[in-house]
Amino acid sequence: KTLTYYPKKIEQFKQLIFHFNNSDIKFSIKSGECSYDGKSINSRNSNVTVSLKNFNKIININKKNNTVNVQAGAKIKDISLILKKINYTISAIPGGEHITIGGAVSANVIGKDSNKIIGAFGDNVKSITVMTHNGNIGHYKKNSKIFKSFIGSFGLFGIILEVELILKKEVLVNQKI
């Protein structure tokens, strides 16, 4: 049986990671509590899981720069509904109601409207904030050398905490029937 922790603040999260590393406790991270095929992820080699479920907020919507800063545990479905109200969307949105921003980035999933410009969800990412295995937190922009290491790496190089995504303005069509 797996013991799951649900930290509410970054400092609590850091303390858990520090404790697990110093105690040689193997752990896994989950955000939406599903993988891209809809099954719960649980490492066979760990009996401890840390959930990012409480890190589910929009930090900022910047209409001038067409970006949104979102915590990793936020569900794409919930973010999309909020953005739709102000006529924005995100490209390459995958299907599935429980997929989170962090999960979509760490798996670099493809979506229904993927194209040559935005081929996978990671192409939406302008910057990323991650915590490394030793608890250090770094913020990386798309032009930094290490940035691409976190996109599609399934958490191998760090745990995604927050993502700045490029928004797309929705085109409203007025149809008369």
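Basis for what follows: all heavy atoms, side chains included, without hydrogens, waters or symmetry-related copies.
Criterion: ILVMFWY side-chain heavy atoms under 4.5 Å apart, direct or through other members. Under it, I151 and I110 are not part of a common hydrophobic cluster. Clustering ILVMFWY residues whenever any of their side-chain heavy atoms sit less than 4.5 angstrom apart, transitively, puts I82 in the very cluster that holds V70. Using a 4.5 Å cut-off between side-chain heavy atoms of Ile, Leu, Val, Met, Phe, Trp and Tyr, with links allowed through other members, L156 and Y140 fall into the same hydrophobic cluster. Connection of I128 to I58 is established within a shared hydrophobic cluster, with ILVMFWY side chains joined at heavy-atom distances below 4.5 Å, either directly or through further cluster members. Transitive grouping of hydrophobic side chains (ILVMFWY, heavy atoms separated by less than 4.5 Å) keeps I59 and L83 in distinct clusters.
K126 contributes atom NZ, which lies 10.5 Å from atom CG of N143 (distance to the nearest 0.5 angstrom). Taken to the nearest 0.5 Å, the NZ atom of K14 stands 14.5 Å off from the NZ atom of K9. Remark: E170 CD to K85 NZ distance equals 13.0 Å, nearest 0.5 Å.
Nearest heavy-atom pair, F55 versus P7, reported as atom, atom and distance to 0.1 Å: CE1-O, 3.4 Å. G155 and S106 get closest at one heavy-atom pair: N-CB, 4.2 Å. Between S51 and T4, the shortest heavy-atom contact is CB-CG2, 4.1 Å. For the pair S31 and A72, the tightest heavy-atom approach, listed with the atom from each and the gap, is CB-O, 4.2 Å. When all heavy atoms are compared, the tightest approach of A104 to F121 is CB-CD2, 3.5 Å. Nearest heavy-atom pair across A120 and A92 is C-CB, 3.9 Å.
With a 4.5 Å cut-off on side-chain heavy atoms, Q12 and Y5 do not count as touching. Residues I10 and L161 meet the side-chain proximity criterion, which asks for heavy atoms closer than 4.5 Å. N87 has its side chain within reach of K169: a pair of non-hydrogen atoms, C-beta onward, lies under 4.5 Å apart. Side-chain contact between V50 and I159 is absent, with no heavy atoms from C-beta onward closer than 4.5 Å. Contact of the F27 side chain with the L16 side chain is not registered, since no non-hydrogen atoms from C-beta on lie closer than 4.5 Å. Looking at V130 and F157, their side chains never come closer than 4.5 Å, going by heavy atoms from C-beta outward. At least one side-chain heavy atom of I61 sits under 4.5 Å from a side-chain heavy atom of I86. A 4.5 Å side-chain heavy-atom check between I90 and L167 finds at least one atom pair inside the cut-off.
N21 contributes a side-chain N or O that, together with a main-chain N or O of H133, makes up a donor-acceptor pair within less than 3.5 Å. For the pair S23 (side chain) and I25 (backbone), a donor-acceptor distance under 3.5 Å is absent. With Q71 contributing its side chain and N56 its backbone, the two residues share a donor-acceptor pair below 3.5 Å. Under the 3.5 Å distance criterion, the side-chain polar atoms of N124 are left unmatched by any main-chain donor or acceptor of L165. Looking only at distances, no side-chain donor or acceptor of K142 sits under 3.5 Å from a matching main-chain atom of F147. A distance-only check finds a donor-acceptor pair linking the side chain of N108 to the backbone of G122 [under 3.5 Å].
Residues passing the side chain to side chain donor-acceptor pair (under 3.5 Å) test with S153, sequence neighbours excluded: none. For K57, there are no salt bridge (charged side-chain N to carboxylate O under 4.0 Å, His left out) partners two or more places apart in sequence or in a different chain.
In the model, T129 has no side-chain atom that pairs as donor or acceptor with a side-chain atom of E162 under 3.5 Å. Judged purely by distance below 3.5 Å, without hydrogens or angles, the side chains of N60 and N62 never pair a donor atom with an acceptor atom.
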In sequence, state the C-alpha distance, the side-chain angles, and the governing distance for I29 and F13, and then conclude on side-chain contact (heavy atoms from CB on, under 4.5 Å). CA-CA 11 Å; I29 302 292; F13 189 60; 4.0 Å; yes

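Figure legend: K26 and F20 shown without cation-pi pairing, the cationic atom not lying both under 6.0 angstrom from the six-membered ring centre and within 45 degrees of its axis.
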